[in-house]
*Asks:* 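Got a structure for you, written out below as structure tokens; questions coming shortly.
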There are 2 protein chains.
Amino acid sequence: MKATVPITVASLKVACSQCNLVELCLPFGMSENEIDRLDELVGARRKIKRQHHLYRAGDAFEAIYAIRAGSFKTDVLLEDGREQVTGFQMTGEMLGLDGISTELHSCNAIALEDSEVCVIAYGKLEELSRVVEGLQHQFHKVMSREIVRDHGVMTLLGSMRAEERLAAFLLNMSQRFTARGFSAAEFHLRMTREEIGSYLGLKLETVSRAFSKFQEEGLIAVQQKHIRILNIGGLKKLIHHPSPRA
Amino acid sequence: MKATVPITVASLKVACSQCNLVELCLPFGMSENEIDRLDELVGARRKIKRQHHLYRAGDAFEAIYAIRAGSFKTDVLLEDGREQVTGFQMTGEMLGLDGISTELHSCNAIALEDSEVCVIAYGKLEELSRVVEGLQHQFHKVMSREIVRDHGVMTLLGSMRAEERLAAFLLNMSQRFTARGFSAAEFHLRMTREEIGSYLGLKLETVSRAFSKFQEEGLIAVQQKHIRILNIGGLKKLIHHPSPRA
DNA sequence: CGCTGCGTTGAGACGATTCAAAATATGTGG
DNA sequence: CCACATATTTTGAATCGTCTCAACGCAGCG
């Protein structure tokens, strides 16, 4: 993947220290001094149009990416054509960590809307994190957080039923929107029912039915991709109180 | 697995450089010089009896662990008592990476048999990996590999049916036993049907039925926890050729 | 205005779960 | 080392949840 670099942007080198996402992104928790040193790390920004790939499974791994604007999904394609969405990423979150292990990306990263990422050359990151302690530690935390998140998804896929899964998904989205200064109760989903379904291990019809059911029960108001949460407690209860059994 | 070391404990400091697991464990790919420096890292070994916890969800995070002998499962307990097994770990694999993000362990690690781990103080690891490049890189790879593995499990849970899941599980075990110098075709599972089921998002009865079906079809021979694979190709086919649809 | 993609809803089919019982290991104390 | 108690596994039958297939509605766009 060639860095389209020059184009439109990024010639005017933008710095982490100037970025309003510091509190969500890699620099989180680092000192001002340390953050200043990060600026040499973020080589360029790259714009990705909706539906376009940031990288593909099999691509050589060279950099990780921090989402500056927009959102992405990552997915894995099975030989037989089945797709598994492994995650949805929003501003401040990192993409590409999967590539370190084999030096090849192991999944696809696709923009859900026109987006922009900061390109962090991996070699440089290792180098710099040998000197900047805070960076090293923060990077480890980011990777570890990804592992913990994945365990959460495994739990969801392994032991929850359809409605619990969707409730967990909505609560998670709400929480992440909140962290970005948006409303916890009202937001716009960037992904289709099919993508949600793939992520949750459900068919799109099942996702749609669950949305409808939640609406009937007054838990949420749905209008296409626009979601309004009317009863957070009700959603939470769904997860922790599996309706009939056990 | 031979314990070259006396019994009881690790008073006589055992070194990575002397360990026969170098090729599976953290030191993999590091130079001899680098590996020598690792010896200062592995503080002690710790024995864990079958069914005992190495650590619990909520415990303060202080170290990661390399399995020297034996095997473990990691699991997450839901509020309502449901258990999700998030992984099975064998010799040379690392435990505890989940704890870095919050400085608290986020899952339980339980020995499936009497086992022994090398304790790697996390602070020391960060310190040393600032100087030993190979260690830094290797550690990142280990974390990344964990992420990739988790994506594989998500794929399994999200888009495979019961028999495909079990086939994938058996092939994965076979491959890992092979990497450890054991037979690819014949091995002993250390976990119960219920634990396998939890890991695969299935009930133990479903797991048992799938085992029986595989046996009827001549794919494997099962005797309790002892498994003999008779037709690897058949198992692989199951995964890539979902029987009826799609 | 008529595409085309996305979302909703219904009816029937199918796979995994639940409940139940029996068979087989495993562990313990005498 | 046996005998009993407990845990694990297997198997069957009925139930239930999600999927499949299909039709229709709605929105956005050329």
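In what follows, every heavy atom counts, from backbone to side chain, and hydrogens, waters and symmetry copies are set aside. Quick note on labels: first sequence line is chain A, next is B, and so on, each numbered from 1.
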*Asks:* So if I define the base as every atom that isn't primed, P, OP1 or OP2, how would nucleotides 4-11 of chain D read as a B/S/- string at a heavy-atom cutoff under 4.0 Å?
*Replies:* ----SSBB
*Asks:* Show me the pairs that pass ring-ring contact (aromatic ring centres under 6.0 Å, His included) and involve residues 203-230 of chain A, at least two apart or across chains.
*Replies:* none
*Asks:* Between A/Thr91 and A/Arg180, is there a side-chain donor-acceptor contact under 3.5 Å, judged purely by atom types and distance?
*Replies:* yes
*Asks:* Rounding to a whole Å, what distance do you find between B/Leu112:CG and C/dT26:P?
*Replies:*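 From B/Leu112 CG to C/dT26 P: 15 Å.
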*Asks:* A/Phe214 CZ to C/dG7 C1': how many Å, rounded?
*Replies:*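 Atom CZ in A/Phe214 sits about 17 Å away from atom C1' in C/dG7.
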*Asks:* Remember a base hit wins even if backbone is also touched, and classify A/Gly201 as base, sugar-phosphate or nothing at under 4.0 Å, heavy atoms.
*Replies:* sugar-phosphate
*Asks:* Can you tell me how far C1' of D/dG17 sits from CG of A/Leu202, to the nearest Å?
*Replies:* 11 Å
*Asks:* Under the ring-ring contact (aromatic ring centres under 6.0 Å, His included) definition, can you give me all pairs with a residue in residues 178-200 of chain A, not counting sequence neighbours?
*Replies:* A/Phe88-A/Tyr199, A/Phe177-A/Phe187
*Asks:* Can you tell me how far P of D/dG17 sits from CG of A/Leu200, to the nearest Å?
*Replies:* 18 Å
*Asks:* Distance check needed: D/dC21 C1' versus A/Lys203 NZ, whole Å only.
*Replies:*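 One finds 13 Å between C1' of D/dC21 and NZ of A/Lys203, rounded.
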*Asks:* Would you say B/Arg228's side chain and B/Ile220's backbone share a donor-acceptor pair under 3.5 angstrom?
*Replies:*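 The answer is no, because no donor-acceptor pair under 3.5 Å joins these two groups.
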*Asks:* Is there a donor-acceptor pair closer than 3.5 Å between any side-chain N or O of A/Ser174 and the backbone N or O of A/Leu170?
*Replies:*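 No.
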*Asks:* Atom CD1 of A/Ile196 and atom C1' of C/dC6: how far apart are they, to the nearest Å?
*Replies:*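 Roughly 12 Å, once rounded to whole Å.
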*Asks:* With B/Ser106, which residues qualify under side chain to side chain contact (heavy atoms under 4.5 Å, CB included), at least two apart?
*Replies:* A/Val148, B/Asp98
*Asks:* If we fit an axis to the first five pairs and another to the last five of the helix from C/dC1-D/dG30 to C/dG30-D/dC1, what angle do they make, to the nearest 10°?
*Replies:*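 Answer rounded to 10°: the end axes differ by 50°.
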*Asks:* Give the rounded distance in Å between these two atoms: CZ of A/Arg161 and C1' of C/dG15.
*Replies:*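 Whole-Å distance recorded here is 14 Å.
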*Asks:* Should the pair B/Glu163-B/Lys213 be classified as a salt bridge under the 4.0 Å nitrogen-to-oxygen rule?
*Replies:*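 B/Lys213 and B/Glu163: salt-bridged.
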*Asks:* In terms of ring plane angle, is the pair B/His105 and B/Tyr55 parallel, tilted or perpendicular, where the classes change at 30° and 60°?
*Replies:*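 If you compare the ring of B/His105 with that of B/Tyr55, the planes turn out parallel.
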*Asks:* Could you work out, with salt bridge (Lys or Arg N to Asp or Glu O under 4.0 Å) as the rule, every residue matching A/Arg145, not counting sequence neighbours?
*Replies:* none
*Asks:* May I have the distance from B/Arg190 (atom CZ) to C/dA25 (atom P), rounded to whole angstrom?
*Replies:* 17 Å
